[in-house]
Structure formats: C-alpha cells, structure tokens
There are 2 protein chains.
Amino acid sequence: MVTINDVARAAGVAPSTVSYVLSGKRSISAETRRLVEQSIRRLGYHPHAGARALASSKTQVLALVIPLRTDLNVAVVMQFVAAVTTAARRHDHDVLLLTKDEGADGLKRVVGSALADALLVMDVESADPRVPMLLALDRPVVLIGTPDHATGLSCVDLDFQAAGAVAVRHLAELGHASAGLVGPSPAVYERGTSFADRFLRGFHQAAADAGLRAGARPCGHSYEQTRACLDELFAENPDLTALVVQNEAVLGPVLSDLRQRGLRVPEDVSVLAVCPDSMAGNHAVTLTTITIPADEIGELAVAMTMSQLGGEATPETRLLSPRLTRRESTAPPPR
Amino acid sequence: MVTINDVARAAGVAPSTVSYVLSGKRSISAETRRLVEQSIRRLGYHPHAGARALASSKTQVLALVIPLRTDLNVAVVMQFVAAVTTAARRHDHDVLLLTKDEGADGLKRVVGSALADALLVMDVESADPRVPMLLALDRPVVLIGTPDHATGLSCVDLDFQAAGAVAVRHLAELGHASAGLVGPSPAVYERGTSFADRFLRGFHQAAADAGLRAGARPCGHSYEQTRACLDELFAENPDLTALVVQNEAVLGPVLSDLRQRGLRVPEDVSVLAVCPDSMAGNHAVTLTTITIPADEIGELAVAMTMSQLGGEATPETRLLSPRLTRRESTAPPPR
DNA sequence: TTGAAAGCGATACCAA
DNA sequence: TTGGTATCGCTTTCAA
C-alpha cells in the first residue's frame with residue numbers, strides 16, 4: 001500500500017507537508033505543491049480513509065436511511081437515493097446505506113462507531129421513535145419529511161399541505177364541483193407518515209374554501225384494492241368529475257379502471273397526479289402533475305447537511321413549494 | 001468518546017483482552033467475558049470503525065455500485081439494494097453506495113482509500129470498461145450480470161437465456177404459434193447490457209425449436225414508444241397471439257394499449273411478464289410471470305462475497321434457473 | 001488464560 | 001514556508 005510517507009519520500013518533503021497539500025490547510029509554495037502532486041499521481045496514492053478518520057475525527061461519509069418496503073414509492077425513493085449520492089460526491093463525501101429496519105439502534109451504532117459524520121433519514125413518521133435519539137445524538141441530521149416534535153432537527157420536504165390545496169384549486173378553476181383523493185396505502189396512514197396527512201389537510205381545507213365536494217380514501221397498491229378505492233369514492237359521490245392521485249404505484253390501475261367504467265380522461269373525469277414529473281408521459285393520456293422533486297429535495301438535504309457540518313448553519317425546516325404542470329389529463333368537467 | 005481502554009479499565013483487564021472478547025480470536029474465561037461484556041453495555045461502547053480498519057486492514061464494508069438511470073428498472077434495482085443491504089448486515093457488514101457514473105476511477109478510489117473490502121457491481125455491460133480494472137484490483141468482486149471476459153470475477157444473475165426459452169415453451173405448450181417480445185429500452189441493448197441479449201437468444205432459439213413465429217422489439221418506457229413497439233410487432237405478425245414483456249416499466253401501457261386495440265387478455269392475446277413476482281397482481285389481469293428474484297440474487301451475491309472474503313471461495317458464475325408462475329394472463333390462443 | 005507494547009496511516013500542533 | 005512528532009483507537013504478536 002502507498003502511504004503518505006512514500007509520497008513524502010518521493011517528493012523529498014515531510015509527511016506533514018503532503019498532508020497540508022492535500023487539505024489546503026496551510027499555504028504551500030508552488031514548487032513544493034507541484035512536486036507533491038506529481039508524486040501522488042505517479043504512485044497512485046489514495047489516503048487511507050480509516051487512518052484519516054482516526055486522526056481527524058471526520059469520516060467524509062453521510063449515512064442515508066431508506067425505507068425497506070420495496071412495493072411502494074420505489075421510484076421516488078430511488079430518485080432520492082441517486083440524488084443524495086450524487087450530491088454527496090460533489091461535496092467529496094460518500095454515502096453509507098442503512099435500512100429503516102435497523103431502527104434507532106442502527107443509528108446509534110453508526111454514529112457510535114464513527115462510520116458517518118451525519119445522518120439523512122427518509123420515511124419519517126409523525127411520532128417517529130427515532131427522533132428523540134436523533135436529538136440526543138450530537139450530529140448533524142436532516143430528515144426527509146416532518147415529524148411532530150422535531151425542533152432542533154433539520155427537515156426538508158415538499159410542502160404537501162400546499163400541494164393538496166394547489167391540486168384542489170386547479171380543479172376548482174377548471175370548474176369542477178367535486179373531487180376524490182386516491183391516497184397512499186392504508187399502511188402509510190397507519191404509520192403516521194406525515195406527508196399523507198398534510199396533503200389530506202390541504203386538500204380538505206381548500207375544498208371547503210372553494211366549495212368543492214371532496215372525498216378521500218387510502219389505496220392499496222394492487223389492482224383489486226385500487227378498484228375498491230374508486231368504488232368507494234364513486235359510491236360516496238356518484239357525479240365525481242375529478243380525481244387526485246397521490247400514489248404513483250396505482251396510476252396505471254386507476255386509469256385503466258376508469259376506462260372500464262366507460263369514463264374517458266379528461267372528457268368525463270380529470271386526473272391529477274402527485275408524482276415525479278418523469279412519470280407524466282408513461283400513460284395513454286399525459287398527466288397533469290404536481291411534481292415530487294425528489295432530486296431537488298435530495299440535493300437540498302445534502303447541502304443542508306454540509307452547512308451543518310461546516311458549523312455555518314443551525315437546524316431549520318424547508319418546505320418546497322408545489323409546482324403544478326398542466327397536461328392532457330385535466331380539463332373542465334363535462335356539460 | 002468511549003474507547004477500548006475505558007472498557008478495559010472498567011472491567012479491570014487489558015485492552016487486548018477486550019479486543020479478544022469482541023473478536024473471539026482467542027479463548028476467554030467465562031468470568032472475564034462477563035465482566036467485559038457488562039462494561040461494554042454499561043458504557044455503551046462501540047469500536048471506532050476507522051481505528052479498527054487501520055489496525056486490521058478490514059473495513060467491514062461492502063461497496064455497492066448502482067445504475068443512476070432512475071426511469072427504468074427502478075423496482076428491481078431497489079429490491080436488489082434492499083436485499084444486499086439487509087444481507088450485508090446479517091454478515092456484520094455495512095454498505096457503501098456508489099453510482100455507476102463514478103466509473104472505474106470511483107472503484108479505484110474506494111479500494112485505494114480502503115473504504116470497502118469488496119465490491120458488488122450492478123448493471124454490467126457485455127464489454128464493461130470496468131472489468132479490466134476489477135480484475136487488476138486485488139479484491140473480492142461480485143458482478144450482477146455476466147460481462148464477456150469476466151474469467152476471474154464472480155457473477156450472479158438470473159439465467160436469462162433459459163428464461164427466454166422457458167417463456168417460449170410455456171406459450172408453445174398452450175398452443176400458440178406465434179409470440180412477440182417487448183424488450184427493454186433500446187438504450188439497454190445499445191449499452192450491451194447482457195441480460196437483454198441473453199434473453200433474446202433463448203427466446204429465438206426456443207422459438208425455432210418449437211416452430212413458433214417470433215418477433216422482438218426493444219421498447220422505450222413512454223406510452224408512445226410502447227404503442228409504437230406493439231404496432232411494429234403486430235405489423236410484422238398480424239395474427240400474433242402472445243406477448244412476452246421483458247420490461248416491467250411498460251407493463252401497464254402494454255395492457256392498456258391491447259385493450260384499446262380491442263384485444264382481451266388472455267382470451268385474444270396471452271401476456272407473459274418477466275418481472276418481480278410482487279408486480280403480478282398490480283394489473284386488471286393477474287400476470288403469468290417469470291420472476292426476477294432480485295432479493296435472492298442480492299443475498300447470493302453477498303454470500304459469495306463473504307466466502308471470498310473468508311478466503312474459502314474462488315470466483316465462479318452462478319445463474320439462477322428461471323421460475324414461471326402461471327396466472328390469468330396466459331391461456332391457449334383463440335379458436 | 002491474560003498482559004504489554006509495537007504498529008497501522010493519517011492529522012495537526014509545536015518549532016524552526 | 002516547512003519539518004518533526006505525538007496522537008487518534010484498535011489489532012495482534014510476543015511473552016508470561
């Protein structure tokens with residue numbers, strides 16, 4: 001293995017000088033820098049991460065906690081993971097992957113054994129059992145989502161409450177008098193994953209304000225459950241003319257079930273989807289969407305982590321404003 | 001921070017003894033073990049990963065390289081990531097996430113700086129530029145997929161060639177005289193991602209053997225591209241009675257386009273999907289599938305890595321036999 | 001069955 | 001602007 005001493009010897013300088021060339025923590029003459037950098041390249045030197053961590057108490061690693069349930073949300077989670085990893089590399093950090101099932105102990109372990117400098121946590125629940133521990137942990141933490149008692153923790157998320165309102169207002173402006181919400185799966189509500197509740201709140205409030213008749217139902221991810229969900233929505237409100245779908249996984253089933261009911265989109269029913277923009281074109285009718293900007297959120301989360309690591313920032317909550325893009329799937333109601 | 005010395009002092013033993021209790025590398029009296037373990041718990045001791053890596057030249061970390069394209073394959077990739085991470089933890093290892101765009105240099109960096117003990121690489125191409133470097137790297141490597149010149153590297157994958165054949169034979173046995181393959185996106189073929197070619201080969205060979213008229217087309221993931229793909233397949237073979245879809249992302253579009261053509265599944269057209277079993281129930285008709293056992297592959301990949309790390313194993317290629325589960329979407333052809 | 005101590009490869013302080 | 005060196009926390013050899 002090539003060590004800093006090898007480089008130092010080759011360049012005819014002290015090991016500490018090599019270290020300083022690498023870290024930029026003190027000024028180096030042009031000539032010395034050249035010599036050192038050349039030796040580094042020639043020898044193919046890479047600093048030993050463990051040694052570095054030991055000496056500096058910095059790992060240059062971010063731990064990212066992802067949900068394990070692979071049946072739902074996958075596209076969003078994946079996009080987010082990709083964004084975080086890419087952004088982390090731009091800041092010269094790597095990403096250690098943890099799964100939610102490791103729980104609070106897993107986080108304690110990773111921090112305790114100095115495997116990571118900071119934590120990014122996805123799929124946070126309203127009363128997330130990990131929150132107290134995260135607060136106790138004296139490390140930068142950024143949550144994707146907004147749990148209830150997170151004062152002291154940084155949070156990033158789409159403003160789902162505003163999104164719910166934006167969805168309703170778009171439909172109201174088109175002239176709809178009613179709207180049904182096809183929500184995330186019941187499990188999501190049961191776990192108290194806050195984005196579902198926040199969207200629902202925005203949805204109902206805006207509906208009340210606009211005088212819309214609104215109904216909402218969670219929706220499991222199988223075709224049968226989707227059909228049942230629509231059955232209920234239509235039973236409650238037979239003259240429904242618009243659906244808001246906050247569940248990417250069932251977009252296909254929703255659209256095909258509507259067709260089987262003899263309902264055309266958007267002529268008979270408008271459909272507004274809450275999902276990444278990239279999914280808008282994957283259906284027979286291009287979808288009006290409120291985008292879930294997973295990569296923006298990921299990048300922002302990393303940026304916030306970095307400034308906390310730099311000591312320049314204190315915890316804060318950032319909610320991104322919803323953006324609606326109108327496409328083919330929404331139109332004025334029939335008649 | 002709690003160190004091994006703190007634990008040793010609390011337990012009244014030498015630091016080395018604590019180390020041996022932890023590693024099990026020499027026998028310890030019951031009493032000493034009890035004392036040490038108690039101190040560890042009481043103090044909440046976690047060994048410092050960096051220090052450990054420095055002293056032992058082992059990181060207990062596996063690097064996992066994932067593809068970045070988030071539009072395709074996401075479900076499979078995600079399932080795989082989850083499986084690897086979970087399996088790694090069972091073997092007392094963590095997972096460092098790399099993206100494919102880091103390329104060969106990224107791998108060199110990670111190994112060079114001793115960030116990981118072994119590499120798991122997804123999305124390998126036939127003539128993957130990373131292969132030579134992986135061979136040069138003197139570390140355990142397991143590839144998900146099978147590149148061309150990988151002698152010396154371990155590979156795990158579904159036996160896609162056999163899968164192609166199994167698909168055709170199932171349809172032939174049902175009495176079909178023709179079959180169309182809706183393949184992965186053109187980009188996948190262009191990159192020479194080997195699973196696509198292998199499936200295609202098995203598909204064509206088995207079709208020739210069984211006397212089936214077979215056509216195949218790549219398929220982009222948008223609705224428009226899917227419809228175009230089906231257009232071509234039907235143009236080439238107007239009396240097509242069966243489709244094999246090796247592209248989970250377009251299953252929805254394929255099914256709804258068939259309906260728009262007035263074709264019922266399975267009465268008029270049989271559909272056989274190559275995808276994770278968990279997706280079989282997400283459509284109006286439950287799908288006959290050849291499963292992509294992402295979690296099995298992930299677990300196996302980790303197991304192989306571990307035995308290589310243990311020095312018990314030499315590189316080998318393992319192709320999992322395809323498993324077909326018949327559901328509603330395949331049936332004898334009309335008439 | 002246990003202890004003492006020499007590294008592992010960096011960083012960063014103290015000097016020059 | 002540079003060098004020397006103690007130090008980080010652990011593993012493992014050598015001795016007892």
Side-chain angles (χ1 to χ4, degrees), chain A residues 1-37 39-40 43-61 92 94 109-117 309, chain B residues 1-37 39-40 43-61 92 94 109-117 309:
Chain A
M1 188 193 189
V2 185
T3 76
I4 201 172
N5 292 292
D6 300 329
V7 175
R9 205 172 310 124
V13 300
S16 52
T17 300
V18 177
S19 175
Y20 285 119
V21 167
L22 251 27
S23 69
K25 288 187 182 172
R26 78 180 182 192
S27 48
I28 301 281
S29 74
E31 174 60 0
T32 304
R33 152 161 294 118
R34 205 185 51 71
L35 275 163
V36 170
E37 280 169 349
S39 307
I40 288 178
L43 300 180
Y45 169 68
H46 290 277
H48 188 289
R52 189 172 253 192
L54 183 55
S56 69
S57 315
K58 279 181 177 27
T59 60
Q60 307 275 100
V61 169
D92 205 37
D94 278 286
R109 178 181 69 85
V110 167
V111 168
S113 51
L115 274 164
D117 298 329
L309 281 173
Chain B
M1 184 191 194
V2 184
T3 76
I4 201 172
N5 291 294
D6 300 328
V7 174
R9 205 171 309 121
V13 301
S16 53
T17 300
V18 177
S19 175
Y20 284 118
V21 167
L22 250 28
S23 69
K25 288 187 182 171
R26 79 180 181 193
S27 47
I28 300 283
S29 75
E31 175 61 0
T32 303
R33 152 161 294 117
R34 205 185 52 71
L35 275 162
V36 170
E37 281 170 348
S39 306
I40 288 178
L43 300 180
Y45 169 67
H46 290 277
H48 188 289
R52 188 172 254 189
L54 182 55
S56 69
S57 315
K58 278 179 177 29
T59 60
Q60 307 275 98
V61 169
D92 206 37
D94 278 287
R109 177 181 69 85
V110 167
V111 168
S113 52
L115 274 165
D117 298 329
L309 281 173

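This structure is a prediction, so every number in the text was calculated from the model and none was measured. Protein chains get the first letters and strands the later ones, always in sequence-line order, with residue 1 at the start of each.
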For the pair made of NE2 in A/His48 and C1' in D/dC10, what is the distance, rounded to whole Å? 12 Å
Tell me which donor-acceptor pairs under 3.5 Å the side chains of residues 11-21 of chain A have, and how far apart each pair is, sequence neighbours excluded?
none

What is the distance, rounded to the nearest whole Å, between atom CD1 of A/Ile4 and atom C1' of D/dT2? 14 Å
Classify the nucleic acid contact of A/Val2 as base, sugar-phosphate or nothing, counting any heavy atom under 4.0 Å across all strands shown. sugar-phosphate
On the nucleotide D/dG3, are OP1 or OP2 found under 4.0 Å from the side-chain N or O atoms that A/Thr17 carries? yes
Provide, to the nearest angstrom, the distance between the CD1 atom belonging to A/Ile28 and the C1' atom belonging to D/dT2. 8 Å
Side-chain N or O of A/Ser29 versus OP1/OP2 of D/dT2: is the shortest distance under 4.0 Å? yes
What nucleotide, of D/dC10, D/dG3, D/dG9, holds the atom closest to the side chain of B/Arg52? D/dC10
Got a sec, which residues hit side chain to side chain contact (heavy atoms under 4.5 Å, CB included) with B/Ala49, two or more places apart in sequence or on another chain? A/Leu115
Under the side chain to side chain donor-acceptor pair (under 3.5 Å) definition, can you give me all pairs with a residue in residues 25-35 of chain B, not counting sequence neighbours? B/Ser29-B/Thr32, B/Glu31-B/Arg34, B/Arg34-B/Gln38
Could you tell me the boundaries of the chain B footprint on DNA chain C, defined by atoms under 4.0 Å from its heavy atoms? C/dT1 to C/dG9
Which whole-number value in Å describes the distance from B/Arg9 CZ to D/dC10 P? 12 Å
Would you mind listing every salt bridge (Lys or Arg N to Asp or Glu O under 4.0 Å) that reaches into residues 44-57 of chain A, with sequence neighbours excluded? none
Could you state the atom-to-atom distance from CG of A/Asn5 to P of D/dT5 in whole Å? 13 Å
Nearest-Å distance, CG (A/Leu35) to P (D/dT1)? 16 Å
Side chain to side chain contact (heavy atoms under 4.5 Å, CB included) between B/Asp94 and A/Arg109, intermediate numbers included: CA-CA 11 Å; B/Asp94 278 287; A/Arg109 178 181 69 85; 2.8 Å; yes
Let me confirm one number: the CG-CD1 distance from B/Leu22 to B/Ile40, rounded to the nearest 0.5 Å. 4.5 Å
Presence of B/Lys25 side-chain N/O under 4.0 Å of D/dT11 phosphate oxygens OP1/OP2: no
The side chain to side chain contact (heavy atoms under 4.5 Å, CB included) partners of A/Ala114 (sequence neighbours excluded) come to B/His48
Enumerate all atom pairs, one protein N or O and one N or O from nucleotides 13-16 of chain D, separated by less than 3.5 Å.
| unit_1 | atom_1 | unit_2 | atom_2 | d |
| --- | --- | --- | --- | --- |
| D/dT13 | O4 | B/Tyr20 | OH | 3.3 |

Tell me what A/Val13 touches on the nucleic acid: a base, only sugar-phosphate, or nothing, going by heavy atoms under 4.0 Å. sugar-phosphate
Are any side-chain N or O atoms of B/Asp117 and backbone N or O atoms of B/Thr59, one a donor and one an acceptor, separated by less than 3.5 Å? yes
Those residues at least two apart in sequence (or on a different chain) that pass side chain to side chain contact (heavy atoms under 4.5 Å, CB included) with B/Val111 are B/Leu119, B/Leu137, B/Arg139
Please name all residues satisfying side chain to side chain contact (heavy atoms under 4.5 Å, CB included) with B/Ala10, sequence neighbours left out, ordered by chain then number. B/Ser39, B/Arg42, B/Leu43
How far does the helix from C/dT1-D/dA16 to C/dA16-D/dT1 bend, going by the axes of its first and last five pairs, to the nearest 10°? 30°
